[in-house]
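Chain naming here is simple, since letters A, B, ... match the order of the sequence lines and numbering starts at 1 in each. A quick note: this is a predicted structure, and the numbers were derived from the prediction, not measured.
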Number of protein chains: 2
Amino acid sequence: MTDSHSDDQSPADRFARAREAQAVALLEDYVEMIGDLIEEFGEARVADIAERMGVAQPTATKAIGRLKREGLATSRPYRGVFLTDKGADLADRVRGRHRTVVEFLVAVGVPHSVAELDAEGIEHHVSDETLAVFERFLRGRG
Amino acid sequence: MTDSHSDDQSPADRFARAREAQAVALLEDYVEMIGDLIEEFGEARVADIAERMGVAQPTATKAIGRLKREGLATSRPYRGVFLTDKGADLADRVRGRHRTVVEFLVAVGVPHSVAELDAEGIEHHVSDETLAVFERFLRGRG
DNA sequence: CAATTAAAATAGCCATGGCTATGCATTTCA
DNA sequence: TGAAATGCATAGCCATGGCTATTTTAATTG
């Protein structure tokens with residue numbers, strides 16, 4: 001057999017994959033942020049989510065609607081937004097990935113504030129395989 | 001003065017930046033691809049662009065319309081799509097960045113085919129500053 | 001407990017980026 | 001050179017992800 005990583009993809013396949021990653025990126029960001037807010041304040045209100053995401057309140061409401069459709073969150077008006085088990089799992093994974101990407105960038109010499117900025121976009125396109133490489137790199141230098 | 005990289009950004013700012021990066025990502029991909037096709041075949045036809053991008057032909061036509069609006073490309077029906085100077089410059093920068101990201105990922109241990117996949121999304125979110133770090137890293141182990 | 005305030009939802013707009021189906025124009029070639 | 005085939009454009013649909021303006025509903029408080 002050939003090397004398991006040598007299976008080349010057409011450009012079209014690669015673009016399709018990047019489009020797909022982009023489609024889930026926003027939901028991941030919301031889920032992570034809701035997790036953060038709950039951790040910090042014990043609750044995640046729509047207005048706070050909107051403010052942190054840098055969008056208008058109805059935009060956040062719409063996004064939360066999508067989260068609910070995807071089974072990632074629930075909400076009760078005037079009581080905040082909550083993550084389902086599935087949503088909480090996703091939030092954990094996203095947060096871990098975010099942290100790894102930032103730490104990795106810092107480890108190779110990117111200033112921390114720049115690493116935070118870049119990671120916001122990068123993290124959604126890093127495969128599990130690449131993430132594992134980043135982690136190995138970080139462990140390898142203690 | 002304080003360190004030039006310590007100016008912290010709010011989450012909202014970071015997300016806004018990532019959204020902006022995403023907005024230009026698609027145009028960058030098209031411009032790069034058109035440059036590739038012209039280099040390979042001497043011309044970039046709408047149908048070929050669509051096929052390589054993995055989208056339907058009218059989707060490519062629409063995107064090319066945006067490129068024209070942005071002053072990045074011109075086209076003559078049945079004669080193909082051409083890059084303006086501005087478009088060619090952008091294509092060069094995008095191609096260079098793509099190459100650097102792939103090479104960097106490979107250098108830290110990511111299998112090449114995975115690096116290609118991940119780079120497709122990552123490249124649009126790598127700042128000039130981070131790119132410079134990647135290049136330094138590559139030179140440092142030349 | 002009613003009035004006010006604040007929070008969220010709704011309505012309705014826009015651009016982007018997909019799609020299919022269809023129409024038109026150009027090239028090609030019999 | 002005219003018919004067929006090809007290439008591209010157009011029309012029109014859908015979902016997403018923004019926005020503002022407005023309405024509804026809940027919480028707070030005089």
Side-chain angles (χ1 to χ4, degrees), chain A residues 11-34 37-38 41-70 72-82 120-121 124, chain B residues 11-34 37-38 41-70 72-82 120-121 124:
Chain A
D13 290 337
R14 288 189 278 115
F15 288 119
R17 189 169 167 283
R19 282 196 297 270
E20 172 58 27
Q22 196 50 43
V24 297
L26 198 90
L27 294 189
E28 290 183 347
D29 284 336
Y30 272 95
V31 159
E32 181 182 5
M33 168 133 307
I34 290 166
L37 285 168
I38 290 173
F41 303 124
E43 62 175 10
R45 308 297 288 246
V46 173
D48 296 334
I49 294 167
E51 199 234 316
R52 284 243 186 153
M53 292 296 299
V55 299
Q57 169 256 308
T59 300
T61 297
K62 249 202 242 181
I64 292 160
R66 282 193 297 279
L67 294 183
K68 291 199 262 192
R69 269 202 284 113
E70 303 282 337
L72 296 168
T74 61
S75 80
R76 279 154 44 203
Y78 307 92
R79 298 303 303 270
V81 179
F82 312 92
E120 202 60 70
H124 301 289
Chain B
D13 290 337
R14 287 189 279 114
F15 288 120
R17 188 168 167 285
R19 282 195 296 269
E20 172 58 26
Q22 196 50 44
V24 296
L26 198 90
L27 295 189
E28 290 183 346
D29 284 335
Y30 272 95
V31 159
E32 182 184 2
M33 169 134 306
I34 290 166
L37 286 168
I38 289 173
F41 303 123
E43 63 174 9
R45 308 297 289 247
V46 174
D48 296 334
I49 295 167
E51 199 234 316
R52 283 243 186 154
M53 293 296 299
V55 299
Q57 169 257 307
T59 300
T61 297
K62 251 202 240 181
I64 291 161
R66 283 193 296 279
L67 294 183
K68 290 199 263 191
R69 270 201 285 112
E70 304 281 337
L72 295 167
T74 60
S75 80
R76 279 154 45 205
Y78 308 90
R79 297 302 303 271
V81 178
F82 312 92
E120 202 60 70
H124 301 290

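- Within 3.5 Å, a donor on the side chain of A:Gln57 pairs with an acceptor on the base of C:dA9, or the reverse.
- Rounded to whole angstrom, the span from the CZ atom of B:Arg76 across to the C1' atom of C:dT26 amounts to 14 Å.
- Along DNA chain C, the nucleotide closest to A:Ser75 and the one closest to B:Ala23 are compared, and the more 5′ of them pairs with A:Ser75.
- Counting atom types as modelled, B:Tyr78 pairs a side-chain N or O with a base atom of C:dA25 as donor and acceptor under 3.5 Å.
- Among the atoms of the strands shown, only primed sugar atoms or phosphate atoms (P, OP1, OP2) are found under 4.0 Å from some heavy atom of B:Arg69.
- Using a 4.5 Å cut-off on side-chain heavy atoms (C-beta onward), A:Leu37 and A:Arg45 make no contact.
- In this structure, A:Arg79 places its CZ atom 12 Å from P of C:dA8, rounding to the nearest Å.
- Chain B approaches DNA chain D over the interval D:dG7 to D:dG18, counting the first and last nucleotide 5' to 3' with an atom under 4.0 Å from its heavy atoms.
- Residues that satisfy the salt bridge (Lys or Arg N to Asp or Glu O under 4.0 Å) test with B:Glu51, not counting sequence neighbours, are absent from this structure.
- Going from atom CG of A:Leu37 over to atom P of C:dA7 covers 15 Å, rounded to whole Å.
- Remark: side-chain polar atoms of A:Arg52 are not paired, donor with acceptor, to backbone N or O of A:Met33 under 3.5 angstrom.
- Nearest-nucleotide mapping onto DNA chain D: of A:Pro77 and A:Tyr30, the residue sitting toward the 5' end is A:Tyr30.
- Looking at heavy-atom distances under 4.0 Å, B:Ala56 makes contact with a base.
- Here the options are A:Thr59, A:Thr74, A:Leu72, A:Val46, the test is side chain to side chain contact (heavy atoms under 4.5 Å, CB included), and the partner is A:Ile64; only A:Val46 passes.
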side-chain contact (heavy atoms from CB on, under 4.5 Å), that's the test. Do B:Tyr30 and B:Val55 meet it? Break it down for me.
CA-CA 11 Å; B:Tyr30 272 95; B:Val55 299; 3.6 Å; yes

Kindly determine whether B:His124 and B:Gln22 satisfy side chain to side chain donor-acceptor pair (under 3.5 Å), including the steps that lead there.
CA-CA 7 Å; B:His124 301 290; B:Gln22 196 50 44; over 6 Å; no

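- At whole-Å resolution of the value, CD in A:Glu51 and P in C:dA7 are 12 Å apart.
- In this entry the distance linking CZ of B:Arg45 with P of C:dT27 reads 9 Å, nearest Å.
- Contact check on A:Lys68 versus A:Glu70 returns no salt bridge, with no Lys/Arg side-chain nitrogen under 4.0 Å from an Asp/Glu carboxylate oxygen.
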